[in-house]
Peer 1: 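This structure is in structure tokens; I'll ask about it shortly.
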Amino acid sequence: MNDVFYITTPIYYVNSHPHIGHAYTTIATDVLTRYMKLFGAETYFLTGTDEHGQKIAESAANSGIEPQEFVDKISQEFRELWPHLHIEHDQFIRTTDSKHKACVQQILQKIYDQGEIYLKEYEGLYCIGCERFLDEAELENGNCPDHQTPPEFYKEQNYFFRMSSYQEWLAEELKQNENWVYPGRYRNELIQLLKDPLQDLCISRPKSRLKWGIEMPFDNNFVTYVWFDALLNYASALDWPDGEKFKKFWPHVHHTIGKDILKTHGIYWPCMLKAAGIPVFKKLVVHGHWVVGGSKMSKSLGNVVDPLTMKDQLGVDALRYFLLRDMSFGEDSNFTEELAVTRYNGDLANNFGNLMNRSISMSRKNFQGCVPPSGKAGEQEKELHESFAKGVQKFREYIVKFQPHRALEHVALLSSKVNKYIDTCKPWTLTKEEKDRERLGTVLYTALDMTRIIVGLLDPVMPKKMCEARKNLGLGEEILPFSSLSPGLLMPGTELPKPSPLFPKMQVSHADEENVKNQKQEKSSNNSAPEENEWIAIDEFQKMELKVGRIKSCRKVEKSNKLLCSEVDLGETRLRSIVSGAAEFYTPEEMTGRQVLVVTNLKPVKLMGYISEGMILFSDDNGKLVLIEAPEHVNPGVIVR
Ligand code: ME8
């Protein structure tokens with residue numbers, strides 16, 4: 001790996017508001033940059049907005065305001081969004097910045113002076129959505145395949161860049177350099193595209209048709225074409241040709257892009273760089289698209305996902321985690337709130353959150369609120385240490401290969417291993433006798449120490465949550481250096497403050513209740529005995545506290561067709577409030593007065609604004625819920641064994 005690392009996002013068009021796709025690219029770039037920093041590189045992270053061109057001029061006209069006012073407004077939306085998503089870029093560039101405009105003109109003049117830009121009469125089919133002329137062969141039923149709209153026919157004089165003369169060079173570069181484009185499938189796509197003759201690129205628009213652009217330095221009747229303007233942002237941001245940043249970070253460039261702009265970045269951009277005498281970027285990192293409900297996101301389908309709404313539902317860091325964990329880098333991926341909540345509950349609440357809570361709670365309780373001393377490591381500890389030592393290296397390899405989904409999958413696996421280790425060692429059985437104390441210390445120390453390593457690995461994905469996690473482990477706020485992510489470096493005796501719950505379990509929203517119910521029905525219709533690896537040990541069952549309860553009153557949960565909220569007498573000094581999904585099967589009146597079975601040691605959760613402090617048990621009779629009742633004469637609060 002280079003020790004200097006320049007990483008960019010596309011600069012986004014300001015004709016529409018930021019959506020989850022823009023958020024994904026920018027979060028992925030932020031995460032990769034943070035990892036490179038963690039691995040010791042000096043990094044520079046650029047993002048920004050693309051503000052010229054026909055579609056932006058049209059959007060401004062439709063809003064009834066001047067283009068400059070319009071682009072100022074939407075560019076600001078992007079700029080203000082990023083900190084809300086914990087994105088820490090080094091620079092935000094706008095193509096309307098005067099420094100950028102001057103750089104574009106300088107490069108155009110240079111290529112023009114070399115005789116590689118010429119004027120000719122041209123006719124062709126122009127897609128405003130793509131802001132480029134399309135070849136006939138690219139059309140699907142006469143429409144642009146990406147925008148599903150017919151292109152417009154234009155016949156006009158324009159300036160052209162002799163891109164065709166770079167065809168052989170580019171084909172050879174792609175052939176020689178296997179790692180230039182990741183994943184390799186996109187490299188193959190580019191190689192395929194170059195099998196057809198490369199056309200010269202039309203790089204201007206007559207001012208009679210479009211004024212909103214950068215003027216051609218050698219002919220003020222024309223403005224430059226959006227892509228020639230936009231792509232150069234990557235160099236102008238670093239003050240090409242002799243700025244300090246340019247000298248330091250070019251050509252250690254990694255461009256992160258979506259697959260929609262592969263052709264412009266994989267073909268136009270290297271040819272432009274070659275013509276301008278600028279060394280070509282190091283790597284093009286291409287990801288797939290988020291689709292929503294199986295369809296491409298579009299305003300007309302009304303399925304555009306707003307990243308801020310998702311952030312409010314899931315929390316920023318959990319949203320970042322979900323996006324990186326669930327999209328196999330390079331492939332398309334489906335986005336639903338249900339998938340996000342399921343991932344959250346599975347990986348963060350039940351797996352990692354649970355590991356953290358129980359190792360800290362047990363240590364605090366048994367070792368005066370501190371990290372216990374570790375006794376001699378046995379076979380189980382040695383095995384775990386080895387998994388972690390290898391796991392951290394594997395994790396790094398995945399990140400360096402731009403496979404964050406695999407890296408995070410690997411961390412989830414490591415976290416499960418530690419949970420399993422705790423389940424096997426059963427530290428709760430070692431708390432009674434003095435002879436077990438050393439072993440208890442070893443198990444809890446190992447669990448805490450492995451948790452610390454996981455926190456270090458997850459920091460770039462969830463920076464705020466992992467900062468809280470470090471505080472929970474008594475480690476302070478500083479990021480853990482990568483070199484410290486090996487077993488045995490947690491200090492015994494470190495004070496463990498009362499932990500803040502990092503990832504409380506989350507409920508699937510109202511809209512998703514139906515799906516969850518369907519999934520549950522599928523599960524309940526499975527009549528076979530559990531597989532061997534699904535058995536649980538008696539002590540796991542004994543962790544659950546079951547009691548008889550009497551429902552004193554019950555009411556419907558507002559705005560829900562499925563939920564009831566009961567006040568339940570469990571023989572305690574106060575009644576408990578418990579929410580159940582039984583409104584389709586029982587009225588509040590039918591529930592009131594029943595003697596039921598209640599799980600009483602579930603962590604309280606909030607469901608549609610109501611606190612639920614336990615679970616009333618029902619049998620699931622082909623999807624119909626039937627209360628499991630206790631005999632009348634048993635008193636509320638009696639334990640069920
Ligand atoms: O193309 N899933 O800007 P743009 C994932 N200005 N990522 C998505 C996505 C989706 N459904 N939709 C968009 C432009 N993206 C030009 C770029 S660069 C010199 C000029 C992301 O606003 C993805 O990164 O249309 C895609 O490449 C980019 O947004 C396109 O943003």
Side-chain angles (χ1 to χ4, degrees), residues 7-30 32 46-56 59 71 74-75 77-78 81-82 85 87 92-96 100 103-104 127-132 144 146-147 186 213-214 224-237 253-270 272-273 281 284-299 301 303-307 310 322-324 326-336 402 405:
I7 181 159
T8 67
T9 72
I11 45 170
Y12 305 111
Y13 285 131
V14 289
N15 64 318
S16 62
H17 306 284
H19 58 59
I20 202 76
H22 301 126
Y24 173 72
T25 315
T26 318
I27 290 172
T29 310
D30 180 70
L32 291 170
L46 174 75
T47 188
T49 43
D50 187 358
E51 306 186 6
H52 291 124
Q54 195 162 337
K55 69 177 164 191
I56 289 162
S59 299
V71 299
I74 312 255
S75 176
E77 268 184 45
F78 278 92
L81 171 64
W82 300 141
L85 299 180
I87 282 158
F92 187 99
I93 191 170
R94 301 180 56 183
T95 52
T96 48
H100 169 75
C103 171
V104 171
C127 171
I128 298 177
C130 295
E131 291 281 16
R132 66 182 179 93
C144 161
D146 277 346
H147 296 92
Y186 293 110
I214 301 175
T224 187
Y225 155 67
V226 281
W227 279 101
F228 216 94
D229 163 359
L231 286 161
L232 287 171
N233 91 86
Y234 301 131
S236 75
V253 199
H254 291 65
H255 297 303
T256 317
I257 59 165
K259 65 178 188 179
D260 51 316
I261 51 178
L262 175 68
K263 184 173 178 181
T264 48
H265 282 74
I267 295 198
Y268 300 0
W269 182 221
M272 285 165 62
L273 286 167
F281 53 84
L284 203 53
V285 184
V286 190
H287 65 73
H289 276 177
W290 286 98
V291 292
V292 177
S295 311
K296 193 176 165 168
M297 262 191 289
S298 83
K299 266 194 220 158
L301 286 176
N303 64 352
V304 176
V305 179
D306 174 0
M310 268 325 289
F322 164 70
L323 291 174
L324 285 159
D326 268 52
M327 177 178 269
S328 289
F329 204 95
E331 316 269 338
D332 287 353
S333 195
N334 198 21
F335 188 101
T336 69
F402 297 94
H405 57 291

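As the structure lists them, so they are numbered: ligands from 1, and atoms in each ligand from 1. In this text, all values refer to a predicted model and were calculated from it rather than measured experimentally. Counting begins at 1 with the first residue of the sequence.
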Peer 1: For Ile261, counting its heavy atoms only, list the atoms of ligand 1 lying under 4.0 Å from any of them.
Peer 2: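 Matching atoms, with element in brackets: 1 (O), 27 (O).
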Peer 1: Does any N or O atom in Thr25 lie less than 3.5 angstrom from one in ligand 1, N or O only?
Peer 2: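 N/O-N/O distance under 3.5 Å: yes.
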Peer 1: For ligand 1, which atoms, with element, lie under 4.0 Å from some heavy atom of His22?
Peer 2: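 Ligand 1 atoms under the 4.0 Å threshold to His22: 22 (O), 29 (O), 31 (O).
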Peer 1: Using a strict cut-off of 4.0 Å, indicate which atoms of ligand 1 neighbour a heavy atom of Trp290.
Peer 2: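 That gives atoms 2 (N), 5 (C), 10 (C), 11 (N) of ligand 1.
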Peer 1: How about Tyr186 and His265: does a side-chain donor come under 3.5 Å of a side-chain acceptor?
Peer 2: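 Side-chain D/A pair, Tyr186 to His265: absent.
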Peer 1: Could you tell me which atoms of ligand 1, counted from 1 in the order shown, lie closer than 4.0 angstrom to a heavy atom of Gly288?
Peer 2: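 Close to Gly288: 5 (C).
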Peer 1: Which residue from His287, His255, Met327 reaches closest to atom 5 (C) of ligand 1 through any of its heavy atoms?
Peer 2: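 The residue whose heavy atom sits nearest atom 5 (C) of ligand 1 is His287.
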Peer 1: Mind checking whether Trp290 and Leu323 have side chains closer than 4.5 Å, heavy atoms only?
Peer 2: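 Yes - at least one pair of side-chain heavy atoms lies under 4.5 Å apart.
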Peer 1: Looking only at non-hydrogen atoms, which of Gly21, Ala28, Gly129, Ser333 approaches atom 8 (C) of ligand 1 most closely?
Peer 2: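 When every heavy atom of Gly21, Ala28, Gly129, Ser333 is considered, Gly21 comes closest to atom 8 (C) of ligand 1.
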Peer 1: Identify, by atom number and element, the atoms of ligand 1 in contact range of Asp50, meaning under 4.0 Å from any of its heavy atoms.
Peer 2: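 Under 4.0 Å from Asp50, ligand 1 has these atoms: 6 (N), 16 (C), 20 (C).
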Peer 1: Give the C-alpha distance, both sets of side-chain angles, the deciding distance and a yes or no for ring pair (Phe, Tyr, Trp, His ring centres under 6.0 Å) between Tyr268 and Trp227.
Peer 2: CA-CA 9 Å; Tyr268 300 0; Trp227 279 101; 7.2 Å; no
Peer 1: Quick check on contacts: which atoms of ligand 1 are under 4.0 angstrom from a heavy atom of Gly258?
Peer 2: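 Going through ligand 1 atom by atom, the ones under 4.0 Å from Gly258 are 23 (C), 24 (O), 26 (C), 27 (O).
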Peer 1: Give the atom numbers and elements of ligand 1 that come within less than 4.0 Å of a heavy atom of Ala230.
Peer 2: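 Listed by number with element: 19 (C).
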Peer 1: Ignoring hydrogens and geometry, is there a side-chain-to-backbone donor-acceptor pair from Glu51 to Val14 under 3.5 Å?
Peer 2: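 No, the answer is negative, given that no donor and acceptor are paired below the 3.5 Å cut-off.
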Peer 1: Can you find a non-hydrogen atom of His265 under 4.0 Å from ligand 1?
Peer 2: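 Distance cut 4.0 Å: His265 passes for ligand 1.
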Peer 1: Using distance alone, decide if ligand 1 has a nitrogen or oxygen within less than 3.5 Å of any nitrogen or oxygen in Lys259.
Peer 2: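 There is no such contact.
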Peer 1: From atom 26 (C) of ligand 1, work out which of Asn233, Ile20, Asp260, Val14 has a heavy atom at the shortest distance.
Peer 2: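 Minimum heavy-atom distance to atom 26 (C) of ligand 1 goes to Asp260.
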Peer 1: For atom 22 (O) of ligand 1, what is the closest protein heavy atom, and at what distance to 0.1 Å?
Peer 2: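 Minimum-distance protein heavy atom for atom 22 (O) of ligand 1 reads Tyr13 N, 3.0 Å.
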Peer 1: Show your working on side chain to side chain contact (heavy atoms under 4.5 Å, CB included) between His22 and Tyr13 and close with a plain yes or no.
Peer 2: CA-CA 10 Å; His22 301 126; Tyr13 285 131; over 6 Å; no
Peer 1: Tell me whether Tyr234 reaches ligand 1 (any heavy atom closer than 4.0 angstrom to a ligand atom).
Peer 2: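 It does, in that a heavy atom of Tyr234 comes within the 4.0 Å cut-off of ligand 1.
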Peer 1: Considering non-hydrogen atoms of the protein only, which is the closest contact for atom 31 (O) of ligand 1, and what is the distance?
Peer 2: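 Looking only at protein heavy atoms, the one closest to atom 31 (O) of ligand 1 is Tyr12 CD2, 3.6 Å.
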Peer 1: Does Ile7 offer a backbone N or O that forms a donor-acceptor pair with the side chain of His254 under 3.5 Å?
Peer 2: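 Not at all, since once roles are kept as given, no pair shorter than 3.5 Å links the two residues.
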Peer 1: Out of all atoms in ligand 1, which are within 4.0 Å of some heavy atom of His19? Include the element for each.
Peer 2: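 The atoms of ligand 1 under 4.0 Å from a heavy atom of His19 are 9 (C), 12 (N), 13 (C).
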Peer 1: So, Phe335 versus Phe322, ring centres under 6.0 angstrom or not?
Peer 2: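 Phe335 vs Phe322: aromatic centres under 6.0 Å.
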Peer 1: Look only at interatomic distance and state if Met297 has a nitrogen or oxygen under 3.5 Å from any nitrogen or oxygen of ligand 1.
Peer 2: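 In this structure, Met297 places no N or O atom under 3.5 Å from an N or O of ligand 1.
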Peer 1: Who's the nearest protein heavy-atom neighbour of atom 17 (C) of ligand 1, and how far?
Peer 2: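 Of every protein heavy atom, Ile11 O, 3.2 Å lies nearest to atom 17 (C) of ligand 1.
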Peer 1: Could you tell me whether the side chain of Lys296 and the main chain of His289 form a donor-acceptor pair under 3.5 Å?
Peer 2: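 Absent.
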